[in-house]
Amino acid sequence: MFALVDGNNFYVSCERVFRPSLNGLPVVVLSNNDGCAIARSNEAKAIGIKMGQPYFQFRGLEETHGLVVLSANFALYGDLSDRVASLVAGLGPSHEVYSIDESFVDLTGLRCDLEERARRLRQRILQWVGIPCGVGIGPTKTLAKLANHVAKTAERKPGSYPEKLAQVCDFSRLNRDELADILKATDVGEVWGVGPRISEQLKEAGIRTVYELTRLDPATVRARWSVVLERTVRELQGTPCISLEEVAPNKKEIACTRSFGKPVEGYKDLEEAVTEFASRAAEKLRKQGSVAAQVLAFVRTSPFRKCEQYSRSMTIPLRRPTNDTRPIVQAALMALRAIYKPGFLLAKAGVMLMELTPDTVSQGELDLEDQEPDNGKLMTAVDNLNGRFGKGTVLVASAGLEGDRRNWSMKQLRRTPAYTTRWEDMPIARA
DNA sequence: TCTGGGGTCCTAGGACCC
DNA sequence: TCTGGGGTCCTAGGACCC
């Protein structure tokens, strides 16, 4: 049996912890550059603001509806997230932090009344941290997720589901018919793993509710859709296919990307941005104890504007895998030089580190030939200073062309050719 | 004027091999 | 009409998640 504990309207709830006067008001939290809504209070949802909706489309509701609009404060949310997660961990023997506002808990072996235990946890989190949560309980992670959806929706929209399921919903307590009724009342698109595309395809095939999805034969689902959806169907039928991951595996890619507040055209500005992205990414890389073998940089115009589109990326193989900021910045700038073309209003750029492997001591010490003499110590010192005095205290200066010529071997590049790809469909998830 | 920033997994199809 | 057969590796692209 699994539980999913999830903070309601999480970023908004975090803001309300420190500003209780926001309770009862429509509140949204905006993304970087105040671009679009990434969290909405129930009141904001009620006046029709959508997840991911651009701010300019609902600007003005401050005056007409008393909407409160806030810029995101991710440091605050991360801190409260840690506090919630540590309380959630007490619910069962093992737990997985799934996202900033969600944790799964394995309840196997607990002999107590699970619903009662969950309600007490919910109360404790509310009292000690100030964040209201929903809890879903079910025999698989997918069912726990669905139960959580029921718990939150029953609270927010009275009448949508039986009132007793509000806040905490334990599927294992329901009899066959009760569960069937709930699944029949739930749109197939609410299922974890069924996004907009699959949802549309299912509906075309006459599958509109979760109940109908659970009635499908897994083999048929696999043949017609995919093994991923098959797994989802099996999980809905009560067969666990997705296990708890207590320790987060190391990242396989590390990215740092930003949309610009205003379109950028000049090379100098891009160079500055890409240098910072590469430095931040390298920092994350060292934090997880990995080295990267490839560096990708990309630039793109805004897909939302009707201007001429330009979207390019380039991957540069590193001479040897490293987590040293300097060669990583140099590689990113080398890629930028190759893909930059003047005359476009660029809306976004970014750096990604790929082909990550664990940083082993031997890697640094056995191969002394082209090792920067103070590599490890210098980078550790940089990270410590930035940690103590704030991000950006110590920066790596953008390297000029001379530096690149000195450090980059074209022979190496030919052996492992760099390649360009279009960057038209950078995924931006929308709820 | 103005549209986030991260990630993961799966699969089809091409390249290449014998 | 009809165009071997089987395997591996790699990449692009699609789909999903928060």
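Values below: all heavy atoms of this structure, side chains included; hydrogens, waters and symmetry mates excluded. Remember, predicted model here, so these are calculated numbers, not experimental data. Here is the naming used below: chain letters follow the sequence lines, and residue numbers restart at 1 for every chain.
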With a 4.0 Å cut-off on heavy atoms, is [X] in touch with a base, just the backbone sugar-phosphate, or nothing at all?
{"X": "A/V97", "value": "nothing"}
{"X": "A/K252", "value": "sugar-phosphate"}
{"X": "A/I198", "value": "sugar-phosphate"}

Pairs involving [range], ordered by first then second residue, that meet salt bridge (charged side-chain N to carboxylate O under 4.0 Å, His left out) (sequence neighbours left out):
{"range": "residues 73-88 of chain A", "answer": "A/D79-A/R83"}
{"range": "residues 243-262 of chain A", "answer": "none"}
{"range": "residues 206-225 of chain A", "answer": "A/R222-A/E230"}

Return the value, rounded to whole Å, for the distance between atom [atom1] of [X] and atom [atom2] of [N].
{"X": "A/K287", "N": "B/dG6", "atom1": "NZ", "atom2": "P", "value": "14 Å"}
{"X": "A/D34", "N": "B/dT1", "atom1": "CG", "atom2": "P", "value": "18 Å"}
{"X": "A/N32", "N": "B/dG6", "atom1": "CG", "atom2": "P", "value": "8 Å"}
{"X": "A/Q53", "N": "B/dC2", "atom1": "CD", "atom2": "C1'", "value": "13 Å"}
{"X": "A/K306", "N": "B/dT1", "atom1": "NZ", "atom2": "P", "value": "11 Å"}
{"X": "A/I100", "N": "B/dG4", "atom1": "CD1", "atom2": "P", "value": "18 Å"}
{"X": "A/Q294", "N": "C/dC10", "atom1": "CD", "atom2": "P", "value": "11 Å"}
{"X": "A/K141", "N": "C/dC17", "atom1": "NZ", "atom2": "P", "value": "14 Å"}

**Request:** Would you please say whether a donor-acceptor pair under 3.5 Å links the side chains of A/E102 and A/S99?
**Result:** yes

**Item:** A/T301 versus A/Q309, side-chain donor and acceptor atoms under 3.5 Å
**Value:** yes

**Request:** Locate the shortest heavy-atom distance separating A/M51 from A/A39; write the atom from each residue and the value.
**Result:**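 Smallest heavy-atom distance, with atoms named: SD-N, 4.4 Å.
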
**Nearest heavy atoms of A/A37 and A/I49, plus distance in Å** = CB-CG2, 4.2 Å

Taking only side-chain N and O atoms of [X], does any of them lie within less than 4.0 angstrom of OP1 or OP2 on [N]?
{"X": "A/S259", "N": "B/dT3", "result": "no"}
{"X": "A/K284", "N": "B/dG6", "result": "yes"}
{"X": "A/K348", "N": "B/dG5", "result": "yes"}
{"X": "A/S31", "N": "B/dT3", "result": "no"}

**Asked** Starting at the 5' end of DNA chain C, what dot-bracket string do you get if Watson-Crick and G-U pairs under 3.5 Å are bracketed, crossing pairs use [ ], other-strand pairs use | and unpaired bases use dots?
**Response** ....||||||||||||||

Would you mind telling me which of [options] lies closest to the side-chain atoms of [X]?
{"X": "A/R197", "options": "C/dA15, B/dG5, B/dC2", "result": "C/dA15"}
{"X": "A/R258", "options": "C/dC17, B/dG6, C/dA15", "result": "B/dG6"}
{"X": "A/K145", "options": "B/dG5, C/dC17, B/dT3", "result": "C/dC17"}

**Message:** I'd like to know if the side chain of A/S103 and the backbone of A/V88 have a donor-acceptor N/O pair within less than 3.5 Å.
**Reply:** no

**Request:** With sequence neighbours excluded, give me every side-chain hydrogen bond (donor to acceptor under 3.5 Å, both in side chains) pair touching residues 36-49 of chain A.
**Result:** A/N9-A/N42, A/N9-A/K45, A/R16-A/E43, A/S41-A/E43

Name the atoms and distances for all side-chain donor-acceptor pairs under 3.5 Å in residues 182-190 of chain A, with sequence neighbours left out.
residue, atom, partner, partner atom, Å
A/T186, OG1, A/Y161, OH, 2.7
A/T186, OG1, A/I182, O, 2.8
A/D187, OD1, A/G189, N, 2.7
A/D187, OD1, A/K203, NZ, 3.1
A/D187, OD2, A/K203, NZ, 3.0

**Criterion ring pair (Phe, Tyr, Trp, His ring centres under 6.0 Å) on A/F2 and A/W192, from CA distance to verdict** = CA-CA 14 Å; A/F2 293 93; A/W192 187 40; 10.0 Å; no

**Asked** Roughly how far apart, to the nearest Å, are B/dG14 and C/dG4 at atom P?
**Response**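 After rounding to an integer number of Å, I get 16 Å for this pair.
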
**Prompt:** Tell me, which of residues 212-240 of chain A have any heavy atom that sits under 4.0 Å from an atom in DNA chain B?
**Reply:**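 Those residues whose heavy atoms fall under 4.0 Å from DNA chain B, taken from residues 212-240 of chain A in numerical order, are A/V227, A/V228.
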
**Complete:** Note: contacts of residues 75-83 of chain A with DNA chain B (heavy atom, under 4.0 Å) are none

**Item:** Partners passing salt bridge (Lys or Arg N to Asp or Glu O under 4.0 Å) against A/R19 (at least two apart in sequence or in another chain)
**Value:**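 Here no residue qualifies.
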
**Request:** Identify, between A/R305 and A/C256, the residue whose nearest nucleotide on DNA chain B lies closer to the 5' end.
**Result:** A/R305

**Message:** Pick the closest DNA chain B nucleotide for A/N250 and for A/A347 by heavy atoms, then say which residue is nearer the 5' end.
**Reply:**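 Between the two, 5'-proximity favours A/A347.
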
Under 3.5 Å, which N/O atoms of the protein pair with N/O atoms of nucleotides 7-9 of chain C?
none

**Message:** Taking the side chain as everything from C-beta on, heavy atoms only, tell me whether A/V329 gets closer than 4.5 Å to A/V295.
**Reply:**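 No, side chains not in contact.
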
**Message:** Test: ring-ring contact (aromatic ring centres under 6.0 Å, His included). Region: residues 198-254 of chain A. Which pairs qualify, not counting sequence neighbours?
**Reply:**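 Sorted pair list comes back empty.
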
Side-chain donor-acceptor contacts of residues 129-141 of chain A below 3.5 Å, not counting sequence neighbours, with atom names and distances?
residue, atom, partner, partner atom, Å
A/T140, OG1, A/L143, N, 3.1
A/T140, OG1, A/E235, O, 3.0
A/K141, NZ, A/E96, OE1, 2.7
A/K141, NZ, A/S243, O, 2.9

